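Accompanying notes for the structure given below.
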Amino acid sequence: MIVGIDLGTTNSLIAYFSEEGPRIIPNRLGKNLTPSVVSVDEEGNVYVGETARERMSLYPGSVAQTFKRSMGTERDYVLSGRHFRPEELSSMILRALKEDAESWLGEEVTEAVISVPAYFDDKRRKATKRAGELAGLRVERMISEPTAAAVAYGLYDKTQDTRFLVFDLGGGTFDVSILELYHNILEVRAVAGDNYLGGEDFTEVMARLFLQKRKLQLQKLDEKEQVRLYRQAEKAKREISGKDQVVMSFLYQEEMLEETVTAREYEDACEELLMKIREPVKKSLSDAGLKLGDIDEVLLIGGATRLSLVRDFLIRLFRKFPDTKLNPDETVALGAAVQAAMKERREEVREVILTDVCSFTLGTDVVVEYEEGRYENGRFCPIIERNTVIPASHTERLYTVRDNQEKVCVKILQGESRFSKNNLYLGELMVEIPRAPRGQESIDVTYTYDINSLLEVEVTVNSTGEKQKMIIKGQENQMTDEEITRRMEELAYLKLQPRDFEENRLVLLRAERMYEEALGDRRKKLDHYITAFEAALDKGEHDEIVDAREALNEILEKEDD
Ligand code: AMP
């Protein structure tokens, strides 16, 4: 079974293609969303999702989150003294999702289609693929998140000849894509985005508003207080949609502080973020050669599109109501499951043909003559430009720059800079050419890029017809099989907590955290129920445990603010 996975900045989901179409697989706690949070304790036990997030306020040094933002970098995360790279943390999420899916489906899951932001470059895509491999999943295909969303929408609702704009504001990334559905062909026309903008920035604004009103400084709060502040800011942010004001409370140095934040104040404070949102929208439209009015439908995905101020902003901008038929948190995972079904060649989905765009520019290094006889080295010559619909094949003819030049080295580069040195080096090809006065000999450089991130480069010497070819796989530069096996073994000593006791553990952690935050009678009450639950756990009687857990849970639900 091939599954579809949305490996999100804030939350991750796993889905499969059932007889009734794509379906989300609930996790061990019965929830569709698994927070993309990982915690490792001193003994090397790994906690994933809600349990890991709950550990944040109690053991801040053992928890990592929003590491998707650092995918493809060398960033080092230290959890309880152990070192991890972003893809290793991601692999722990994937491992938990895989286990959940296997137990739900009753069969082994060995392959996945994983979604990535359209803006992810090759390095980040490779890191994502490696995360899959470290989790024991084959990842032959990745799908960009907006494409997945459009697939999910397109399949349910085949309106013909429609131009969509997919607006994806997740926890930490923002993507805009323009797609066209024409008969059964779904084509991505343009993508744009901002890797450093998302729902968390809106939480940040709320937290800062609170601090400002209280004349407090973030740096003065200790780590636990900061975690609590952001938790309350997140809550207030979610509450404010559709309301005139919210009351945000925060326990600071044994004192419960409360502040009212009005919708107006919050909107004003978010103005800068809304301006930032406008840029990629404009860029994608201009890349696709379209105007705002050409868009027939706006699809919203990503949890942060639930913010009413974001929706209102879009309604004002497009003068139409966005389409929210599908749950914005689940759309991408459902689309990835459809793509998985396409890969399996399931009959139900054969009719949808998918194209994508290349989200970065591929080109080569050239010497340019900027004045008669004066040359500049190291300039980047784009061959397949960003936002070209793929599969695509383009040829560029290059001429010799020196008399009697014998060789040309074609460097294969990826990036947007005018200067080669700032772009990512993917490989090179060397060809020999007959001696001749400069400018007389030429080569044709053809780049062919397909939907599986496979780049084929062919260089032809025009006078001799000699050809050289090179294929750069999306998978290249990845760890070797031995390296992956070794790191898998190293990571294997870290035990993913057994699924069975997850609920008990989560309730206890949550209770402990609330105990720390509470005072007086509230504290006593919590203590009473926690002790009763612990006693039941010690006895090991199933029914008693369930009863005590429910009693404790009820108190927690009532008291958690
Ligand atoms: P995602 O990465 O798509 O899971 O999006 C997560 C982001 O959506 C987080 O920043 C959440 O705070 C935000 N979010 C989720 N639900 C809501 C809501 N009801 N109102 C505002 N923001 C939300």
Side-chain angles (χ1 to χ4, degrees), residues 4-15 24 27 31-38 48-50 52-53 56 65-71 90 93 97 114-120 128 143-146 148-149 152 166-177 193-209 227 229-243 245-246 248 261 263 266-267 269-270 273-274 276-277 299-314 322 324 326-336:
I5 295 179
D6 172 5
L7 187 59
T9 313
T10 334
N11 291 299
S12 296
L13 298 92
I14 187 162
I24 304 288
N27 67 15
K31 301 207 172 137
N32 286 359
L33 296 182
T34 298
S36 304
V37 185
V38 170
V48 168
E50 223 171 316
R53 192 171 58 189
M56 190 127 59
Q65 56 176 348
T66 60
F67 35 84
K68 181 173 171 180
R69 283 189 167 179
S70 306
M71 280 297 249
S90 299
I93 307 263
L97 293 175
I114 301 184
S115 62
V116 287
Y119 240 54
F120 258 26
T128 306
I143 181 167
S144 61
E145 288 163 8
V166 181
F167 183 94
D168 177 3
L169 192 62
T173 48
F174 172 45
D175 287 302
V176 183
S177 316
D194 188 337
N195 275 330
Y196 294 93
L197 183 65
E200 276 129 40
D201 298 294
F202 288 85
T203 309
E204 180 78 31
V205 168
M206 184 62 90
R208 295 207 177 260
L209 254 181
V227 171
L229 175 79
Y230 282 105
R231 192 195 296 274
Q232 294 303 325
E234 169 77 30
K235 209 165 156 240
K237 175 188 82 171
R238 288 180 186 225
E239 262 173 35
I240 206 162
S241 290
K243 289 198 184 142
Q245 59 182 54
V246 284
M248 180 173 155
V261 176
Y266 186 54
E267 263 177 55
C270 290
L273 294 179
L274 293 178
K276 272 180 136 179
I277 282 179
L299 311 181
L300 298 188
I301 55 171
T305 57
R306 289 209 171 91
L307 271 168
S308 61
L309 68 95
V310 170
R311 290 193 177 188
D312 292 346
F313 172 76
L314 290 173
T324 50
L326 299 177
N327 181 336
D329 295 321
E330 298 178 356
T331 313
V332 170
L334 294 174

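Counting convention: from 1, in listed order, for ligands and their atoms alike. These numbers were taken from a predicted model, which means no experiment stands behind them.
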Residue list, ring pair (Phe, Tyr, Trp, His ring centres under 6.0 Å) with F174, at least two apart or on another chain: F167

Test salt bridge (Lys or Arg N to Asp or Glu O under 4.0 Å) applied to E50 - qualifying residues, sequence neighbours left out: K31

Please produce the table of protein N or O atoms sitting under 3.5 Å from N or O atoms belonging to ligand 1, one pair a line, distance to 0.1 Å.
from: ligand 1; atom 1: 2 (O); to: T10; atom 2: OG1; distance (Å): 3.0
from: ligand 1; atom 1: 2 (O); to: G171; atom 2: N; distance (Å): 2.8
from: ligand 1; atom 1: 3 (O); to: G303; atom 2: N; distance (Å): 3.0
from: ligand 1; atom 1: 4 (O); to: N11; atom 2: ND2; distance (Å): 3.3
from: ligand 1; atom 1: 5 (O); to: G171; atom 2: N; distance (Å): 3.3
from: ligand 1; atom 1: 5 (O); to: G303; atom 2: N; distance (Å): 3.2
from: ligand 1; atom 1: 8 (O); to: A304; atom 2: N; distance (Å): 3.0
from: ligand 1; atom 1: 10 (O); to: K237; atom 2: NZ; distance (Å): 3.4
from: ligand 1; atom 1: 12 (O); to: E234; atom 2: OE1; distance (Å): 3.1
from: ligand 1; atom 1: 12 (O); to: E234; atom 2: OE2; distance (Å): 2.4
from: ligand 1; atom 1: 12 (O); to: K237; atom 2: NZ; distance (Å): 2.5
from: ligand 1; atom 1: 14 (N); to: G303; atom 2: O; distance (Å): 3.4

Check: S36/S12 side-chain N/O donor and acceptor closer than 3.5 Å: yes

Salt bridge K68-E145, side-chain N to carboxylate O under 4.0 Å: yes

Salt-bridge criterion met for R231 and E234 (N-O under 4.0 Å): no

Residues that V205 engages under side chain to side chain contact (heavy atoms under 4.5 Å, CB included), provided they are two or more places apart: Y266, A269, C270, L273

